[in-house]
Student: 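Starting off with a structure, shown below.
Count residues from 1 along the sequence. These numbers come from the heavy atoms of this one structure, side chains and all, not from hydrogens, waters or symmetry mates. Remember, it's 1-based here, ligands and their atoms both numbered in the order they're listed.
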Amino acid sequence: MHIPFTKMQGAGNDFVVLDETAGPLGLTPAHYRRLADRHFGVGADQILTVRPAPAGQDVDFEYLIHNADGGEVEQCGNGARCFVRYVFDQGLTGKRHIRVLTRAGVIEPQLQDDGRVRVNMGRPRWQPEHLPFDPQGLPSEQVGQAQRWLLPLLPEVDADTEAAASQSEAVWIAIASMGNPHAVQVVPALEDALVQRQGALLESHPRFAQRVNAGFMQVLDRAHIALRVYERGAGETLACGTGACAAVVCGIRMGLLEPCVDVATRGGRLTIEWRGGADDDVWMTGPAETVFAGSIELPDDLGSASDAATA
Ligand SMILES: N[C@@H](CCC[C@H](N)C(=O)O)C(=O)O
């Protein structure tokens with residue numbers, strides 16, 4: 001099958017954007033993995049699909065997100081900024097402020113005059129059941145308004161054994177959902193953070209039934225953080241929009257941050273605003289750019305073979 005696409009990026013988090021406004025392309029998880037593949041495909045952290053608004057919904061479009069591993073997910077913040085840039089530039093809408101339906105609810109991205117995009121990302125949640133996260137039996141502490149848990153990263157074995165004591169590696173995590181799940185650590189120095197090792201262990205930790213995105217936040221001052229995120233289904237990316245929202249929400253709830261925070265990621269700068277109330281929406285502002293457009297030939301029968309290989 002012949003698939004036209006647009007390659008985009010927001011703070012270095014990169015996307016293949018597909019247009020399904022004229023009808024479904026009929027892609028399987030294996031097709032998404034091939035599109036995301038940096039050697040055999042286009043290369044991307046996520047695949048974003050634009051669909052028409054479902055009947056009866058007060059939105060302009062529907063927005064589907066697939067991680068590089070082919071799995072569908074609820075939300076993608078950097079993708080949301082690229083989404084409005086894409087539909088506007090392609091002439092799919094004349095509006096600069098749109099309402100978009102995601103698997104996690106409605107978000108509202110708007111193109112600003114300065115070329116950046118501001119998005120109402122909706123309300124954060126921090127109750128364990130919203131991720132979901134199973135905190136039962138874990139040591140915990142209250143930091144400001146937030147709760148943190150001491151999570152062993154290696155398999156939890158009988159704590160009485162010597163082996164368990166010598167193997168124990170545990171990290172303090174706060175949690176937040178932006179529609180998708182995030183575990184956030186405050187680290188003293190980002191360059192020393194064990195992002196690859198701990199990120200991989202956290203991502204598939206059995207206490208997160210839907211897996212999790214792992215954030216590593218260094219607080220620079222009350223209005224600036226540096227952040228790296230090991231993303232569920234994609235590994236470490238140059239930036240994660242929902243990860244930035246989640247880190248700032250956790251930092252504000254811990255009493256470490258003010259309501260407007262500049263987030264330095266490895267791929268660019270994001271601004272996150274949140275007034276701190278359970279009913280307050282989180283706002284994210286950042287860049288969204290088109291890199292190139294093209295088309296790719298994908299084998300129709302990619303599905304079963306690749307699915308079997310990664311099962
Ligand atoms: N890069 C994204 C998040 C994409 C989804 C995430 N990996 C998940 O599985 O929840 C962002 O900018 O928010």
Student: Which class fits the ring pair F61 and F83: parallel under 30°, tilted 30 to 60°, perpendicular over 60°?
Tutor: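 Ring orientation, 0 to 90° scale: perpendicular.
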
Student: Mind checking whether L25 and F5 have side chains closer than 4.5 Å, heavy atoms only?
Tutor: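 A side-chain contact under 4.5 Å is absent here.
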
Student: Without hydrogens or angle criteria, can the side chains of E20 and T49 be said to hold a donor-acceptor pair below 3.5 Å?
Tutor: no

Student: For N78 and Q46, does a side-chain donor sit closer than 3.5 Å to a side-chain acceptor?
Tutor: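 Note: N78 and Q46 side chains miss the donor-acceptor criterion.
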
Student: Can you see which heavy atom on P4 is nearest to which on L18, and at what distance?
Tutor: O-CD2, 3.7 Å

Student: Output yes when E203 and R232 qualify as a salt bridge under the 4.0 Å nitrogen-oxygen rule, no when they do not.
Tutor: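 So E203 does not pair with R232 through a salt bridge.
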
Student: At a heavy-atom distance under 4.0 Å, which protein residues reach ligand 1? Sort them by chain and number, would you?
Tutor: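 Under the 4.0 Å cut-off, ligand 1 touches N13, Q46, N67, V73, Q75, C76, G77, N78, N180, N213, E231, R232, C240, G241, T242.
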
